[in-house]
Amino acid sequence: MNTTPISVRRDIDTVERAGSTPDVQQPWADLGLKPDEYQRIRDILGRRPTSAELAMYSVMWSEHCSYKSSKVHLRQFGAKQPQTDAMLVGIGENAGVVDIGDGWAVTFKVESHNHPSFVEPYQGAATGVGGIVRDILAMGARPLAVMDSLRFGAPEHLDTPRIVSGVVAGVGGYGNCLGLPNIGGEAVFDSCYQGNPLVNALCVGAMRHEDIHLAKASGVGNLVVLYGARTGGDGIGGVSVLASETFDATGPAKRPSVQVGDPFMEKLLIECTLQMFAEKLVEGIQDLGGAGLSCATSELASNGDGGMRVHLDRVPLRDATLSPEEILMSESQERMMAVVHPDNIERVMHICQRWDVTATVIGEVTNASHLQVYWHDDLIVDVPPRTVAHDGPVYDRPFHRPAWLDARQSDEPTTERCPRPSTAEHMRQQILELLASANLCDREWLTSQYDRYVLGNTTTGRGIAVSLDCNGRFGALDPYVGAQLALSEAYRNVAVSGATPLAVTDCLNFGSPEDPEVMWQFAEAVRGLADGCLELGTPVTGGNVSLYNQTATTAIHPTPVVGVLGVLDDVRTRITMHGAKPADAVILIGATQEEFAGGEWAHVVHGHLGGTPPQVNLVAERSLASVIRDHRHLITSAHDLSDGGLAIALSELVLRNDYGLDVSFADTDADAFTMLFSESVARAVVTTASENVDAIRAACELVGLPSALLGTVTADDFLSITTADGVITLSRAELAEGWSRTFARIMS
Amino acid sequence: MARIVVTVMLKPEILDPQGAAVRGALTRLGLSGVSDVRQGKQFVIDLDGALDSEREMVLTKLAGELLANPVIEDYQLRVED
Amino acid sequence: MARIVVTVMLKPEILDPQGAAVRGALTRLGLSGVSDVRQGKQFVIDLDGALDSEREMVLTKLAGELLANPVIEDYQLRVED
Amino acid sequence: MAPRIGVITFPGSLDDSDAARAVRAGGAEAVRLWHADTDLQSVNAVVLPGGFSYGDYLRCGAIAKFAPMMAQVIDAAREGLPVLGICNGFQILCESGLLPGALIRNNHLHFICRDQRVKVETNATSWTADFSVGQNIVIPVKNGEGGYVADERTLDMLASENRIVASYIGNPNGSMRDIAGITNEARTVVGIMPHPEHAIDSLTGPSADGLAFFTSVVSTLTVGART
Ligand SMILES: Nc1ncnc2c1ncn2[C@@H]1O[C@H](COP(=O)(O)OP(=O)(O)O)[C@@H](O)[C@H]1O
Ligand SMILES: [Mg+2]
């Protein structure tokens with residue numbers, strides 16, 4: 001790479017000049033600022049901003065960085081936060097931190113990289129993983145694992161394989177190279193995501209309590225160190241309007257349209273940062289993500305004592321033609337910023353050198369209350385940092401319930417609209433049809449591209465369980481309930497492992513906030529999630545909002561992806577899907593109602609989306625979790641019921657194990673069809689030695705949960721289901737037939 | 001028989017971590033003054049018969065759609081004999 | 001400034017799964033008569049100053065030891081101007 | 001005294017701490033070695049762990065073979081120091097000429113991570129002494145460039161000299177003759193593509209089958225010390 005400085009004569013817009021030339025026309029509108037926002041900047045500064053200041057404000061006050069449309073709603077997560085001692089660091093930091101006992105803490109967060117993944121699926125997804133990992137690292141934690149929640153367009157659409165293969169290779173390529181096991185996620189196909197695929201990546205990390213680090217620059221005289229990759233012209237499309245004015249005839253080099261990740265650099269960054277933490281050399285730290293140096297400097301300064309001086313000309317560049325405005329806004333990946341006491345600087349530089357990471361002191365903490373940025377000898381930014389980082393505009397955008405929602409909700413999947421299977425054979429065919437559908441088939445094509453074994457020794461005895469879930473169709477039927485159902489599913493997923501759910505992170509993917517109907521969906525989803533978290537006692541510790549996921553006037557389904565983190569005080573007591581033995585009893589815990597709206601059966605068999613989604617019952621979810629946790633020594637395996645209901649859960653148990661199941665519904669009130677395909681909440685199938693059945697069922701009764709003895713685990717290869725209309729028999733090979741081939745078929 | 005060689009390189013403004021790694025290694029191993037290394041791909045395509053204009057058109061199109069990702073890469077096509 | 005281009009291809013007798021996949025795709029997408037495709041690498045190395053004989057020696061050695069693995073790959077070195 | 005086994009960390013090594021843990025589980029002392037150092041710290045054996053050394057950007061293992069510590073390892077291996085290269089470590093051993101052949105892109109062109117059935121073909125090496133010949137084990141495989149290739153002569157030689165250490169049951173990547181691992185003439189240097197260090201207990205791995213690689217070298221070294 002060419003790093004020889006080319007001397008380009010620049011016309012620098014200094015603070016001094018800004019003071020004396022109030023009437024210069026500035027391209028604030030091209031930078032996405034509204035007239036009143038530009039005026040506010042002038043009011044704050046008491047003069048016009050310099051072009052560098054304009055660059056900083058415009059990017060920091062963007063939707064992406066300032067959450068200006070969502071902020072008023074997100075406040076509910078704080079206002080309705082349940083009382084819990086577990087939360088060590090809450091919303092507002094890079095990621096929330098949760099106490100898991102014995103002096104250990106865990107931090108986790110999910111973030112979106114949706115639009116970049118549509119433009120360039122591999123790099124978009126890869127840099128998404130890179131970004132969330134740096135967030136976790138910036139909290140002081142060692143990143144332990146990643147997860148990914150993915151949504152693609154229709155399985156049969158021509159563009160879908162391009163996006164899926166690129167995204168999966170990108171998530172895998174980046175995460176595998178960092179040595180972070182991928183511990184799960186989701187992959188959902190639906191035509192509503194056609195031009196707007198969703199790539200949400202989660203990272204979880206662990207640390208000792210005393211190692212928690214915050215993003216703040218305090219201590220006058222402390223040094224500001226930028227380390228990691230050199231700064232290039234990535235992600236600065238917007239500011240080119242500023243750059244173009246400031247170049248002479250030679251003009252700037254072309255700016256990249258896509259950011260490329262360098263996972264090897266990130267791995268070095270992780271190791272070198274962890275070594276600095278271990279030696280207690282870091283006073284404050286921040287990753288560089290969206291808005292790059294603009295964000296890192298203004299946030300560090302405003303969370304600290306306020307004063308910071310930065311010499312922008314010291315930033316190591318990949319492209320010598322970058323203007324100061326561009327350097328401030330560059331989103332080049334794999335960079336971090338640390339605040340270091342002068343006594344420790346030599347050691348920090350040594351560690352970076354050992355890991356072959358470029359590190360540069362670019363500034364220091366001052367006792368002034370301003371963030372001051374210099375370009376050589378010129379002062380080009382002189383701002384109160386809070387006004388950039390925290391005091392951005394806040395909009396209370398208008399919203400209203402969509403007029404079409406009543407019609408959609410009354411379009412229930414009745415027996416007239418969605419005829420039910422009439423015979424046992426018919427039901428058998430529909431089980432196979434569901435198993436072979438895009439959203440329920442085997443994900444091995446995808447998961448086998450992710451390393452899941454590295455770092456086997458991270459167990460500290462304690463274990464953590466994380467699940468990421470959402471069903472966008474439920475959100476489309478009722479966003480309030482949809483958000484709670486996502487929470488409910490993730491909570492249940494964690495609970496069936498025997499873990500105690502502790503905390504929540506979320507990624508809210510929606511259409512345009514400027515559409516009042518979309519804004520209503522957003523507001524409802526947030527309200528639902530906040531209410532649900534309060535009731536479950538699991539606080540939201542952080543998350544991400546992704547808006548404008550829409551093509552023309554068509555928005556994606558409201559897709560609030562929810563991540564729940566749980567803890568096991570001893571991993572050896574965890575429950576898996578694999579521990580059952582022949583002759584074990586199979587018990588269904590939880591109540592089944594006739595609930596098909598938004599479910600897989602209506603979607604796959606009838607292509608129907610209408611009605612009201614399954615009823616939320618968070619009290620029952622809590623009870624289910626406590627019964628499973630308290631009886632985990634008796635439970636040999638467990639599987640939660642979610643997409644596709646009991647039919648899919650039973651099939652998966654047979655598919656993923658070397659035993660069969662023989663069940664019937666004699667012990668239940670509902671008909672076989674409802675039992676098999678309903679998606680009622682708060683249910684799980686557990687297996688246990690026959691002598692423990694009574695203990696488990698008594699425990700269920702004690703907390704008011706119905707339970708039913710379904711049958712037994714058998715030593716053969718069959719799923720056999722006895723119904724009033726005859727016996728449904730499915731061999732493992734028959735179950736696997738469509739299930740194991742669908743994903744590869746979609747990809748070909 | 002015709003042989004066509006397509007070379008694909010990342011656009012100059014796009015970060016090339018592979019090239020950077022090679023640059024570091026070349027320098028460490030004693031090559032002085034390496035100012036830049038870019039790593040790309042080369043495809044050697046052998047065709048039965050001659051490269052008529054129709055096949056040339058198809059190939060040119062596929063070079064830009066399949067062999068290279070025009071969002072981040074440039075490509076060159078040359079006919080060898 | 002000197003620019004050296006090193007191309008590295010798998011030896012003809014070594015199976016090239018990437019080349020085979022590209023061949024399949026080209027054929028599927030309408031290019032007829034593709035008899036073989038091989039995929040290799042191209043390194044574009046920029047040096048400050050001229051390529052003197054000492055640096056040429058180092059580079060030739062590293063092409064065979066670092067850039068290519070002679071057990072499975074052949075390489076070619078060419079100086080561009 | 002327990003033997004001392006070095007585990008080298010290169011920039012981009014990922015499985016180094018799991019390898020060190022496996023070394024300890026096998027009854028040896030794990031000594032962490034740094035790629036840029038030159039002191040082997042009188043270890044009795046060395047493990048080259050998996051990962052993406054230098055990002056594997058050029059070719060897996062191509063840059064790592066030039067590390068100062070590797071120069072020491074190469075010399076010592078020629079003198080008989082037992083060396084186990086796992087995955088990326090196997091690639092480094094081939095690149096540095098301690099083992100014949102090379103590893104290329106998987107035939108399906110994807111990274112693959114799965115629990116792999118493997119047959120142990122010989123126990124006459126420093127790292128497989130505790131297995132029985134023909135034993136079937138399950139250990140994770142995870143690689144993007146794990147296809148073993150060599151010319152026919154080399155393959156025949158490996159087979160006839162009983163130097164194929166392990167072969168796949170159900171080839172995951174197009175490896176020639178289903179080769180999962182090989183050894184050098186002296187049977188002290190072993191390269192293996194699947195990961196025994198991720199299969200030392202059933203809590204974190206699919207089995208505990210991998211542990212025997214690490215106990216094997218400990219028994220070999222202990223017997224060696226006694227005679
Ligand atoms: N994008 C993905 N990344 C990683 N793992 C995934 C992804 N999609 C699905 N999986 C995994 O595949 C398995 C099956 O997926 P799913 O049916 O959604 O499971 P669950 O019912 O537990 O949510 C789970 O282990 C899940 O974590
Ligand atoms: Mg799910």
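Letters go in sequence order (proteins before strands), and every chain restarts at 1.
With a 4.5 angstrom heavy-atom cutoff, C/I72 touches chain D only via side-chain atoms. At a 4.5 Å heavy-atom cutoff, the contact between D/L58 and chain C is made by backbone and side-chain atoms alike. Contact annotation for D/N106: only backbone heavy atoms (N, CA, C, O) come within less than 4.5 Å of a heavy atom of chain C. For C/K11, no part lies under 4.5 angstrom from a heavy atom of chain D.
Residue D/Q41 places its CD atom among more than 12 non-hydrogen atoms of other residues, nucleotides or ligands, all under 6.0 Å distant. Atom CD of C/E80 has more than 12 neighbouring heavy atoms from other residues, nucleotides or ligands inside a 6.0 Å radius. No more than 12 heavy atoms of other residues, nucleotides or ligands sit less than 6.0 Å from atom CD of C/E54.
Side-chain atoms of D/R105 do not come within 3.5 Å of backbone N or O of C/Q18 as any donor-acceptor pair.
D/D151 is not listed as a side-chain neighbour of C/E13, based on a closest heavy-atom distance of 4.5 Å or more.
Across every non-hydrogen atom of C/L66 and D/A62, the tightest pair is CD1-O, 3.8 Å.
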Residues D/R59, C/E73; criterion salt bridge (Lys or Arg N to Asp or Glu O under 4.0 Å); working and verdict: CA-CA 11 Å; D/R59 211 171 45 251; C/E73 293 168 326; 3.6 Å; yes
